[in-house]
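Here's the structure, in structure tokens; my notes come after.
Everything quoted here is computed from the prediction, not taken from an experiment. In the text below, chain A, chain B and the rest are named by the order of the sequence lines, each starting its count at 1.
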Amino acid sequence: MEYDSRNFIQKLFKMKSREEKQAEREASPEYQAIDTSSMTLVIKEGRANAAQLAKAQKVGRVISSIITYSFLLFMSVIILFPFYWMIITSLKNTTEIRASVQTFFPATVLWSNYITVFNTFDFVTYVGNTLLVGIISTIGTLITTILAAFAFARLNFKGKDLIFAILLATMMIPGEMMVITNYITVAKLPWYEFGVGLVNGWLGYTDTIFAAMIIPFWVSVFYIYLLRQNFKQIPNELYLAAKVDGKSDWQFLWHVMVPLALPTLISIFILKLMGSWNSYVWPQLVTAGHDSLRLVTNGLRSSFSTTSGEPQYGIQMAATILVTVPLLLLFIFFRKYIMKGVGRAGIKG
Amino acid sequence: MAAVAKKKGGFLDFFKNLFKRKERVSADAGERNNWKAWLYLAPVIILLSVFTFYPLINTVVIAFLKDYDYTTQVSSGFTFDNFLTVLTLAGKDASQNLVYKWNCTYDAALGSWVYNNGTELVKVYFQTDVLKYALPNTMIITFVTVPLSIIIALLISVCLHSIKAFQKIFQTIFFVPYVTNAVAVGMVFAVLFDSQGILNYIFGLGTYYWIDQTATHTSAMFALCVYIIWHALPYKILIFLSALQNIDKQYYDAAKIDCAGKFKTFMNVTVPMLSPQILYIMITSFIGSFKEYTSVVGLIGSAGTGGTNNMYTIVYYVYDCLKAPTTVSRGAAAALMLFVIIMIFTAIQFQVSKRRVHY
């Protein structure tokens, strides 16, 4: 006979078995009164039931999205406020700008600050200089970048990896290391000046100063890296097909690869142009003593630093707007290219 | 694991894999491309040689030249004096003779360092700009703005990632500061921080001088850091957001199954998954903030408040050294020291990241 410990203990203490208990319960009048058809199953998680939990989750989600949106809104206000203040300050007169009670909208909208900027600050010349320098250095950069990226992506030669690594390593070196010697170089390098003959140093004549602002910036290792990545994605089959068609490397590069990499090239073009528009240090050094050759940023900082007494913030801000608006327009029209070009750096490297 | 690293690591990985990985040879590749390839590379190599490689070597040489004058290209031999001058271990007396600090004594009565030149005691002047202003300022800028801007950018991008409505609009707004001119916006911040400006008005600070000529160093540094963080956010947000969008949803589902809270999920899923980007941003922004210059020019407009050079950064000092032909080698010495500092910091970050970054 099998030994049953439960039965033994129950019998020992005269306890009722489970079945007996159930039968007793079912026989009770309270049990008879329960209407089973109206019962619902309740699943409890913690102390809340499912409906409460769903509600709590929903409330939580609403609260967290309110917090998220208000945080983002708050940060956007911080981000955008300087722009707003720049615009309205440019439309105020000096007394209103420095009044003890600040106004969030100009009492009288004053356009004369802009006229003053055009009269005192040689904006048109500076913009012309900047565009000239920007476009020529951008086109030069594009050409050298396309050629080098093609060599690194498609051609094979001894020491390719080593040279590419050396190029990438230069990106880690602060440009200030180079500026010192480059300044001496352009101040010393010979140049053929028409009508004058061979001159020593690039800092004496208009065209040589422009050359000094442009030529050192015809290479950008970062863009070579960017374009090489793009070129590498172009399938090998296309290259082989072009070879079968009797195309040379040169033709393949300009007829197939460049059109395919056009979005990247546009990104590079715009970013480089923006870089030229914003460049400050090098043009400042090179154009010292030649005010008419300055670029916008240099003109911007120096034009109002000599005013004695009260700073003319209204005029300053009007000039600042004239420098900022072209960039913002470029951003509005080419947002996709700019953000892609900038963003790619982080994703792939 | 290796495949993931290749995909996400980018050029940082390139260095690591350089000597391990064998480049896939394309079908066409052959030695016949050899001279043609060099032709394609010629413009880049020539320009880089003239404007990058040669300057690099030359700057190092200049840093060690004695009495170098770039207009005449004349020097009188090699020396460490430029470095000693930058580090205030060497100074000059009134007749421009170089005197080492270990030959000087501090004279409390004169309130200056003096040197016995054999016949009399002469005052010695040290160039304290780098040790007193440039180096501390650069360090403050770096260690305040880099961590703060990374944390704020992470917060914003996580918030941006979690929302659906208006995401594109917010994304665009947060990118706008990137497409501005550092000097121009610096001037706008100068207006905001003006003693009669809007910030004093909003916060009821009366006419507190933040950046004017009478301002203290601390308040000017505060304004500068605020501006630098504002200007540094967009790039970081862009990088973090696109990295967030690339994180596999599985990890978040797994975290949800484990009942991990929002903060826990952020610390244990989001941050580790973003670690390659955080490392990249850390390295680039460390390097960037060590080279801060145009923001000072834009915001302050000069090297400091109250007629001193108290807002100098190392790069500002280097550029100021270019103004006179004889101070160039001192600038080169400072630039070289900056380069070494940057290299050390980058190496430290790589070392730390070995343990912390998950590719």
Which of these, A:I163, A:V221, A:L147, A:L167, sits in a side-chain contact (heavy atoms from CB on, under 4.5 Å) with B:V44? A:L167
Please look at A:F104 and chain B and tell me whether the side chain, the backbone, both or neither of the residue comes under 4.5 angstrom of a heavy atom of that chain. side chain
Engaged part of A:S64 at the chain B interface, taking heavy atoms whose separation is under 4.5 Å: side chain
Heavy-atom proximity to chain B below 4.5 Å, by part of A:M274: side chain
Any heavy-atom pair between the side chains of B:L56 and A:M178 that's under 4.5 Å? yes
B:L47 and A:I215: CA distance, side-chain angles, deciding distance, side-chain contact (heavy atoms from CB on, under 4.5 Å) verdict: CA-CA 8 Å; B:L47 284 166; A:I215 294 173; 3.9 Å; yes
Residue part contacting chain B, namely of A:M317, when any heavy atom lies under 4.5 Å: side chain
Measure distances from A:I321 to the heavy atoms of chain B and classify the residue's part below 4.5 Å as side chain, backbone, both or neither. neither
Would you check if the distance from the ring center of A:F331 to the ring center of B:Y178 is below 6.0 Å? no
Using the ring of each side chain (for Trp, its six-membered ring), is A:Y183 parallel, tilted or perpendicular to B:Y70, with breaks at 30° and 60°? perpendicular
Please look at A:L330 and chain B and tell me whether the side chain, the backbone, both or neither of the residue comes under 4.5 angstrom of a heavy atom of that chain. neither
B:I62 versus chain A, heavy atoms under 4.5 Å apart: side chain, backbone, both or neither? side chain
State, without any angle test, whether A:T324 and B:T180 hold a side-chain donor-acceptor pair at a distance under 3.5 Å. no
What I'd like to find out is whether the side chain of B:P55 reaches to under 4.5 Å of the side chain of A:T185, using heavy atoms alone. no
Do the rings of A:Y69 and B:F166 sit parallel, tilted or perpendicular, given the 30° and 60° boundaries? perpendicular
Please flag which part of B:S162 lies under 4.5 Å from any non-hydrogen atom of chain A: side chain, backbone, both or neither. side chain
